[in-house]
Number of protein chains: 2
Amino acid sequence: MKYSGQTRVHVAVDCIIFGFDGENFKLLLIKRGFEPEMHRWSLMEGFIQPDESLGAGAQRVLKQLTGLEGVYLEQIPAFGEPNRDPMERTISVPYFALVDIQKYEAQLSFDYQAEWFLLSETPNLIFDHNAMVKMAKTRLRYKAAFHPILFELLPDKFTLQQLHTLYEKLYENTFDKGNFTRKVLSTGLLVRLKEKDKEHSRKGAFYFKLDREKYHNNFEAFLNFIPSLDKVIG
Amino acid sequence: MKYSGQTRVHVAVDCIIFGFDGENFKLLLIKRGFEPEMHRWSLMEGFIQPDESLGAGAQRVLKQLTGLEGVYLEQIPAFGEPNRDPMERTISVPYFALVDIQKYEAQLSFDYQAEWFLLSETPNLIFDHNAMVKMAKTRLRYKAAFHPILFELLPDKFTLQQLHTLYEKLYENTFDKGNFTRKVLSTGLLVRLKEKDKEHSRKGAFYFKLDREKYHNNFEAFLNFIPSLDKVIG
DNA sequence: TCAAAAGTGTTTGGGCTACACCCATGG
DNA sequence: CCATGGGTGTAGCCCAAACACTTTTGA
């Protein structure tokens, strides 16, 4: 027996892929390779396969484009307006991804004509992808205000200065350097390395890496790197 | 032209319907009326119709059961394991609903053999509905810690005592009465009525109602009725 | 007049902000 | 020896938690 008479629809996953180049937030987009809207800028997406969960689909699609596995992915609310895809009804479950932009560049796939755009200079996208990007950004801001997920955007070793810039860019705000440093270090999530970055200053700034164990244990914990939340989010 | 060769699947919306009877959290469940798993306890659900958005589907399904419109609904992450529904592949987009239990009782529909269960005594549900309930509860706790959504569960006029109990039950914790009152009133979201509830005390407690305008303007604002968040959520 | 709940006041301490200051080093 | 960014110290303020206290009224 089946659910006879009930309509079936396509289900897709879309990836909103964020990166940080040390200076600015970026978004990885592709040139759509099939109709409708062929050759226009689009999020990387794919249809859910018969024996695949949503999360697995998102991982697959992301890997297809970037070659990366084990990337941070988080589902955001589904988009299901009846005519969002003019070809055929398709419900999309979007995921935002946080990738270390350097790792990606190492294994770039040319198949999709992918390009990193400054988040602030995102081109006009197909369907409702603009709205998806906007929602993903809102969610990222929200989540990152409470949880330490932004480390996913940085290389394995990084300076406090990089982390500081990352937060300032995301929230389009300035945060006191001293207070920021103290808050971050007080979490105990970071381990100071012996090596210093000497490129950006005479004195040199220590590199840090994540204490992976503490990081995973505190993933759901509430941190507070951001002052005056209500002014900064929304 | 169509997306030929791509599989189509059923998409359903599920409603996790929360209520509060003044003393405890409750969950509205139905006896499933069709195969598979007929006659077992289930969330209220329905398949998405051809010209219906996800949100509209959730509203429709909720109205079908309760007769209520304009209820607070919030989408939570979709469930898409390939075999979550043994009959045919179905991806479910769950919504949690906050209803004033009194309004509902006025227009109960007997068609679904619906019953309110204590949240703490939820029976075993079909498919992955147990997981949905769990996720909805987690989300509700999270959201309510920052945003003033719990008023949706109360009648139009209510006492601070009721509100206080509501928060204590949701977080399975006690909160200092004085501090709680001060925090709530300091938001300016409540208007004190002249009438008092004389049933629960000799002195009588003032009824309050929402200042609807301020409420809607502050819906996304960050409040903080809950002390020591990290101990209480998670 | 007493019990019981409503509602108000007051002290205290921790933590956050703002800002000043020292440190290290290459030129 | 100075400019530059890295990093630390600290005073003050605000706010929340804890808890004591007053108010009201039915029995």
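- Nucleotide C:dG7 holds its P atom 15 Å from the CG atom of B:Asp176, rounded to whole Å.
- A:Arg192 meets the side chain to side chain contact (heavy atoms under 4.5 Å, CB included) test with A:Phe206, A:Phe208; sequence neighbours excluded.
- One side chain, B:Ser92 or B:Asp14, offers a donor N or O that lies under 3.5 Å from an acceptor on the other.
- Distance CZ (B:Phe208) to C1' (C:dG7): 10 Å, rounded to an integer number of Å.
- Looking at B:Leu125 and B:Val133, their side chains come closer than 4.5 Å, going by heavy atoms from C-beta outward.
- Following rounding to the nearest Å, A:Leu223 (CG) and C:dG15 (C1') show an atom-to-atom distance of 15 Å.
- Remark: A:Lys26 engages A:Asp21 in a salt bridge, criterion side-chain N to carboxylate O under 4.0 Å.
- In the 5' to 3' direction, nucleotides of DNA chain D lying under 4.0 Å from heavy atoms of chain B begin and end at D:dA17 to D:dG26.
- Nucleic acid contact for B:Lys177: base, since at least one base atom lies under 4.0 Å from a heavy atom of the residue.
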Discussion item. If you apply the rule side chain to side chain contact (heavy atoms under 4.5 Å, CB included), what do you find for A:Lys31 with A:Trp41, and how did you get there?
Written reply: CA-CA 5 Å; A:Lys31 276 238 168 102; A:Trp41 290 110; 3.9 Å; yes

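- Residues satisfying the ring-ring contact (aromatic ring centres under 6.0 Å, His included) criterion with B:Phe20, sequence neighbours excluded, are B:Phe25.
- Taking atom CZ of residue A:Phe180 and atom P of nucleotide C:dA18, one finds them 15 Å apart after rounding to whole Å.
- Taking atom CZ of A:Phe175 as the reference point, atom P of C:dT17 lies 10 Å away to the nearest angstrom.
- An OP1 or OP2 oxygen of C:dT17 is reached within less than 4.0 angstrom by a side-chain nitrogen or oxygen of A:Lys183.
- Atom CZ in A:Phe225 sits about 13 Å away from atom P in C:dT17, given to the nearest Å.
- The interatomic distance linking B:Arg182 (CZ) with C:dT8 (C1') rounds to 8 Å, in whole Å.
- Under 3.5 Å, the side chain of A:Lys203 and the base of C:dA24 form no donor-acceptor pair of N or O atoms.
- In this structure, A:Asn173 places its CG atom 14 Å from C1' of C:dT17, rounding to the nearest Å.
- Judged by closest nucleotide on DNA chain D, A:Ala205 is the one of A:Ala205 and B:Gly178 placed further toward the 5' end.
- When the options A:Lys214, A:Lys209, A:Glu213 are evaluated for a side chain to side chain contact (heavy atoms under 4.5 Å, CB included) with A:Leu189, the one that passes is A:Lys214.
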